[in-house]
Peer 1: 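Mind looking over this structure? Questions follow.
Heavy atoms only: backbone and side chains are in, while hydrogens, waters and symmetry mates are out. As the structure is a computational prediction, the values presented were derived from the model and not from experiment.
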Amino acid sequence: MADGAGRHHEHVEPVRLVRVPLASTLTAEQALLTLRDDERPVALTGAWAGGGAILASDPVRIARPDEDPFALLAEQPRVEGSGAERDGRPVGGGWFGTLGYALGARLEPLPPSPPRPVPVPAFSLAFYDHVLRLDRRGGWWFEALESPASAPRLRARLATLRDRLAGPAPAPAPYRLAPFAPRPGPDGHEAAVRACRRHIAAGDLYQANLTLRLESRIDGAAIDLFASAAGRLRPARAAFVGDPDRQVASLSPELFLERRGRRVRTAPIKGTVARTGDPAGDEQALHALADSAKDRAENVMIVDLMRNDLGRCCEYGTVAAAHLARPEAHAGVWHLVSEVTGELRPGVGDDELLRATFPPGSVTGAPKIKAMEVIAELESTGREAYTGAIGFASPVAGLELNVAIRTFEVAGDRVWLGAGGGVVADSSPAGEYEECLVKARPLLAAAGAALRPTQRRPTATATARPPVRHPRPDPAAGVFETVLAVDGRPVEPDAHARRLEASAHRLYGARPPGVREAIERAAAEVPDGLARVRVEWAPSAGRPHRDPASEPRAGAATATPIPDAALPSNATATTPIPDAAPLPAATATPIPDAALLPAAAVAPEPLTLPGGLGEHKWLDRRLLQSAGAEPLIVDLDGTVLESGSGNVFAIEGDALVTPPADGRILPGVTRAALLRLAPEAGLTPREEPLTLDRLHSADAVFLASSVRLLQPAYGTPPAALAPLARALCRRWRLPVPALA
């Protein structure tokens with residue numbers, strides 16, 4: 001292999017580098033559009049491989065989800081021939097794609113991530129045996145890693161691509177982006193910054209890179225978004241990866257790793273100030289950034305971190321900071337950029353280099369592992385490709401990866417963009433939020449998008465406990481459903497089965513068979529009275545916090561009789577119902593006519609959890625159980641999400657109000673039924689944010705769940721819920737309560 005930092009397949013025939021000049025006047029973005037209909041088009045534009053662009057499509061191999069992505073990058077074919085023909089930094093081919101931030105959990109034991117509104121695979125890699133190369137002088141080349149077996153196919157491919165590049169210049173197709181909304185908003189992000197500063201003051205860490213997520217919808221194709229925005233901004237490390245199910249359009253300015261031979265280089269960015277286009281103002285901003293002790297401290301911390309990471313795999317004494325905190329102009333901003341270099345030890349491949357350095361230190365913090373723990377605790381959404389890396393590993397050109405910042409991610413019609421900054425001891429919460437927008441605004445402008453105006457919430461008089469430090473639910477434990485059954489008949493079995501199947505598919509890529517049938521069989525085991533049916537499903541991975549003997553099987557369900565008085569349960573908030581156990585009959589109190597309302601209301605205790613529990617019903621209940629009393633989950637900005645046992649509703653006059661199902665809460669089956677039935681009870685349903693103050697001033701507050709149904713809260717009298725309870729019981733053919 002040319003660069004000596006990988007392992008070639010001995011059973012694969014050697015290849016030779018082929019380079020053929022092409023006549024074309026197309027720009028890199030125009031050439032990418034000619035690959036629109038090919039399989040998995042990719043493009044790297046800017047400073048890659050010495051400058052220019054690298055484009056590829058129609059790979060010869062696609063990595064499977066169960067493969068080790070770091071090991072794959074080190075597996076390369078052996079390239080024969082002299083190095084003389086490789087002048088001009090050719091690439092030839094190799095692995096191209098994304099390494100998502102979540103891969104960090106494969107390298108270190110980390111807590112579960114926040115909810116992921118649109119989960120996508122942790123990595124996407126494909127091997128291309130040919131590329132289109134635009135060199136820094138503007139010349140186009142067809143480059144290939146040719147073997148005797150592939151030569152006929154590559155000749156045909158050359159002819160196709162030559163014709164495309166010689167044709168007229170294509171223009172991006174029209175697309176439209178809705179205004180982007182931050183998640184969390186200013187109040188939430190500033191609360192996260194304050195919580196991070198408490199960690200720093202306690203000595204837990206020096207710096208953490210806290211981010212928010214800007215979300216929108218796209219009508220059109222991501223490839224056109226990239227071609228338009230990259231053509232306007234010309235970022236140094238732009239990248240497009242066009243997978244069938246999700247696309248990544250990165251406008252990153254930052255180099256994560258560049259390895260040529262044994263030499264490795266990283267160029268972390270830390271420190272940002274906006275540029276306005278006014279020369280005098282921009283010059284003043286440049287000097288302010290260069291003189292900023294806070295920004296320089298951010299940068300130096302990450303330089304030390306990257307020196308340490310490279311020191312784990314480089315020759316002793318070779319790791320050095322080539323330059324430190326140098327101001328550079330990038331799209332709409334000034335950045336402080338440093339450079340760290342080193343010489344890899346003999347025998348160290350790209351896989352070991354990545355295991356020592358991933359994810360990039362500039363988007364995690366210092367110390368890295370503790371910073372990643374704080375990120376999992378305080379951020380509201382899980383990161384996908386964002387703050388991972390995008391690029392290539394080639395047997396000819398070595399390894400090059402960007403830091404996947406300034407990156408649009410698209411799945412279906414959903415599009416999101418991450419933005420963040422390093423939080424240190426003297427960070428200003430408002431300043432950190434503004435820094436996120438400073439980085440995002442040039443990207444949105446280049447993409448033809450706008451930022452949705454946000455309003456700060458009034459200062460609340462009712463507050464929640466600070467963010468919890470208990471582990472978030474572990475997705476590996478699985479998901480479950482609880483279903484009410486009456487005289488052997490399950491209530492809404494289809495809705496519960498669909499929700500479990502959807503969770504399993506989104507989380508684990510599997511669809512459990514026979515969930516509806518399992519619910520019905522279990523319900524039939526209790527032919528008289530009321531029953532709570534529980535159906536569980538988990539992936540094959542272990543569930544470390546539960547006894548292995550209790551591992552659920554796909555579609556396995558149990559039914560346990562419950563007394564009439566437990567519909568809904570009158571268990572108090574201090575007597576939690578154990579997992580996989582009957583509702584405790586010893587705590588049930590008989591009520592006349594099997595009434596649906598308990599005698600006393602609960603008072604859930606507010607507890608801050610950034611981003612909430614998400615839209616899945618997790619088998620891992622440790623966080624909720626550790627809260628003690630019934631928790632009321634509140635987001636960073638004070639928005640009420642749900643309780644530990646159900647959805648939250650408030651009655652305000654003739655309005656029935658509940659938080660929107662925006663990915664932060666469980667989309668309850670009973671919740672959906674109540675929204676449909678509200679008019680029968682003389683109420684107008686509304687889905688809109690609720691605050692603690694608003695709950696305490698409402699006419700009535702209650703929790704809704706599939707087995708408890710309507711649970712009054714905060715002093716609400718049971719009779720206040722009578723119209724809704726009667727409508728729900730009529731719809732579900734349950735005993736109608738005799739309420740005043």
Peer 1: Residues two or more places apart in sequence or in another chain: which of them pass side chain to side chain donor-acceptor pair (under 3.5 Å) with D487?
Peer 2: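 Expected list: none.
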Peer 1: For residues 670-682, please give each side-chain donor-acceptor pair under 3.5 Å, one per line with the distance, not counting sequence neighbours.
Peer 2:
unit_1, atom_1, unit_2, atom_2, d
T670, OG1, S705, O, 3.1
R671, NH2, P659, O, 3.0
R671, NH2, E687, OE1, 2.5
E680, OE2, R731, NH2, 3.1

Peer 1: Residues in salt bridge (Lys or Arg N to Asp or Glu O under 4.0 Å) with R511, at least two apart?
Peer 2: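 If we apply the salt bridge (Lys or Arg N to Asp or Glu O under 4.0 Å) test to R511, skipping adjacent residues, there are no hits.
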Peer 1: For T454, enumerate each residue passing the side-chain contact (heavy atoms from CB on, under 4.5 Å) test, keeping only those at least two apart in sequence or located in another chain.
Peer 2: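 T454 satisfies side-chain contact (heavy atoms from CB on, under 4.5 Å) with P182, P186, Y433 once adjacent residues are dropped.
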Peer 1: Would you say CZ of R733 has more than 12 non-hydrogen atoms from neighbouring residues, nucleotides or ligands within 6.0 angstrom?
Peer 2: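 Atom CZ in R733 is not packed in, count stays at 12 or less.
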Peer 1: Determine yes or no for a side-chain-to-main-chain donor-acceptor pair under 3.5 angstrom, with T716 supplying the side chain and A713 the backbone.
Peer 2: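 Looks like yes, one N/O pair under 3.5 Å.
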Peer 1: Apply salt bridge (Lys or Arg N to Asp or Glu O under 4.0 Å) to R506 and list each qualifying residue two or more places apart in sequence or on a separate chain.
Peer 2: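 Salt bridge (Lys or Arg N to Asp or Glu O under 4.0 Å) check on R506 returns E615.
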Peer 1: According to salt bridge (Lys or Arg N to Asp or Glu O under 4.0 Å), does anything in residues 647-663 pair up with another residue at least two apart or in another chain? List the pairs.
Peer 2: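 Residue pairs with at least one partner in residues 647-663: E652-R686, E652-R694, D662-R664.
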Peer 1: With no hydrogens and no angle check, just 3.5 Å: does a side-chain donor-acceptor pair link D637 and T639?
Peer 2: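 Yes, because at least one side-chain N or O of D637 sits under 3.5 Å from a partner of the opposite role on T639.
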Peer 1: Check the orientation of W537 and Y508. Use parallel for under 30°, tilted for 30 to 60°, and perpendicular for over 60°.
Peer 2: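 W537 vs Y508 ring planes: tilted.
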Peer 1: Which residues pass the side chain to side chain donor-acceptor pair (under 3.5 Å) test with S113, not counting sequence neighbours?
Peer 2: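 Partners of S113 by the side chain to side chain donor-acceptor pair (under 3.5 Å) criterion come out as none, since no residue qualifies.
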Peer 1: Measure from the side-chain N and O atoms of D699 to the backbone N and O of G653, and report whether any donor-acceptor pair falls under 3.5 Å.
Peer 2: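 Yes, because the side chain of D699 sits within donor-acceptor range (under 3.5 Å) of the backbone of G653.
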Peer 1: For D219, what residues pass the salt bridge (Lys or Arg N to Asp or Glu O under 4.0 Å) criterion, not counting sequence neighbours?
Peer 2: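 Testing D219 for salt bridge (Lys or Arg N to Asp or Glu O under 4.0 Å), a comparison that skips the adjacent residues, returns R176.
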Peer 1: Minimum heavy-atom separation for V410 to A222, with atom names?
Peer 2: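 Of all heavy-atom pairs spanning V410 and A222, the closest is CG2-CB, 3.8 Å.
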Peer 1: Just wondering, do L690 and V657 contact through their side chains at under 4.5 Å, heavy atoms?
Peer 2: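 V657 vs L690: side chains touch.
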Peer 1: Just one of V483, L530, T482, V533 clears the side chain to side chain contact (heavy atoms under 4.5 Å, CB included) bar with V707, so which one?
Peer 2: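 Single side chain to side chain contact (heavy atoms under 4.5 Å, CB included) partner of V707 among V483, L530, T482, V533: T482.
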Peer 1: My understanding is that only residues two or more places apart in sequence, or in another chain, count here; which of them pass side-chain contact (heavy atoms from CB on, under 4.5 Å) with R452?
Peer 2: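 Per chain and number, R452 pairs via side-chain contact (heavy atoms from CB on, under 4.5 Å) with P179, A181.
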Peer 1: Can you name the salt bridge (Lys or Arg N to Asp or Glu O under 4.0 Å) partners of R183, sequence neighbours left out?
Peer 2: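 Residues passing salt bridge (Lys or Arg N to Asp or Glu O under 4.0 Å) with R183: E215.
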Peer 1: What is the minimum heavy-atom distance between I665 and P660, and which atoms define it?
Peer 2: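 Scanning both residues completely, I find the closest heavy atoms to be CD1-O, 3.6 Å.
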Peer 1: If I take atom CD from residue E384 and atom CZ from residue R116, how far apart are they, to the nearest 0.5 angstrom?
Peer 2: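 Rounded to the nearest 0.5 Å, the CD-CZ separation comes out at 4.0 Å.
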Peer 1: For E379, give me all partners under side-chain contact (heavy atoms from CB on, under 4.5 Å), at least two apart in sequence or on another chain.
Peer 2: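 Only P114, L210, T211, I375, R383 meet the side-chain contact (heavy atoms from CB on, under 4.5 Å) criterion with E379.
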Peer 1: Where do I519 and H496 come nearest, in terms of heavy atoms and distance?
Peer 2: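 For I519 and H496, the tightest heavy-atom pair comes out as CD1-CB, 4.3 Å.
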Peer 1: Regarding E517 and R521, does a basic nitrogen lie under 4.0 Å from an acidic carboxylate oxygen?
Peer 2: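 Looking at E517 and R521, the cut-off is not met.
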Peer 1: If you take all heavy atoms of L636 and L378, which pair is closest and at what distance?
Peer 2: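 Closest pair (atom of L636, atom of L378, distance): CD1-O, 3.4 Å.
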Peer 1: Could you pull out all residues at least two apart from P115 that satisfy side-chain contact (heavy atoms from CB on, under 4.5 Å)?
Peer 2: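 Testing P115 for side-chain contact (heavy atoms from CB on, under 4.5 Å), a comparison that skips the adjacent residues, returns R472.
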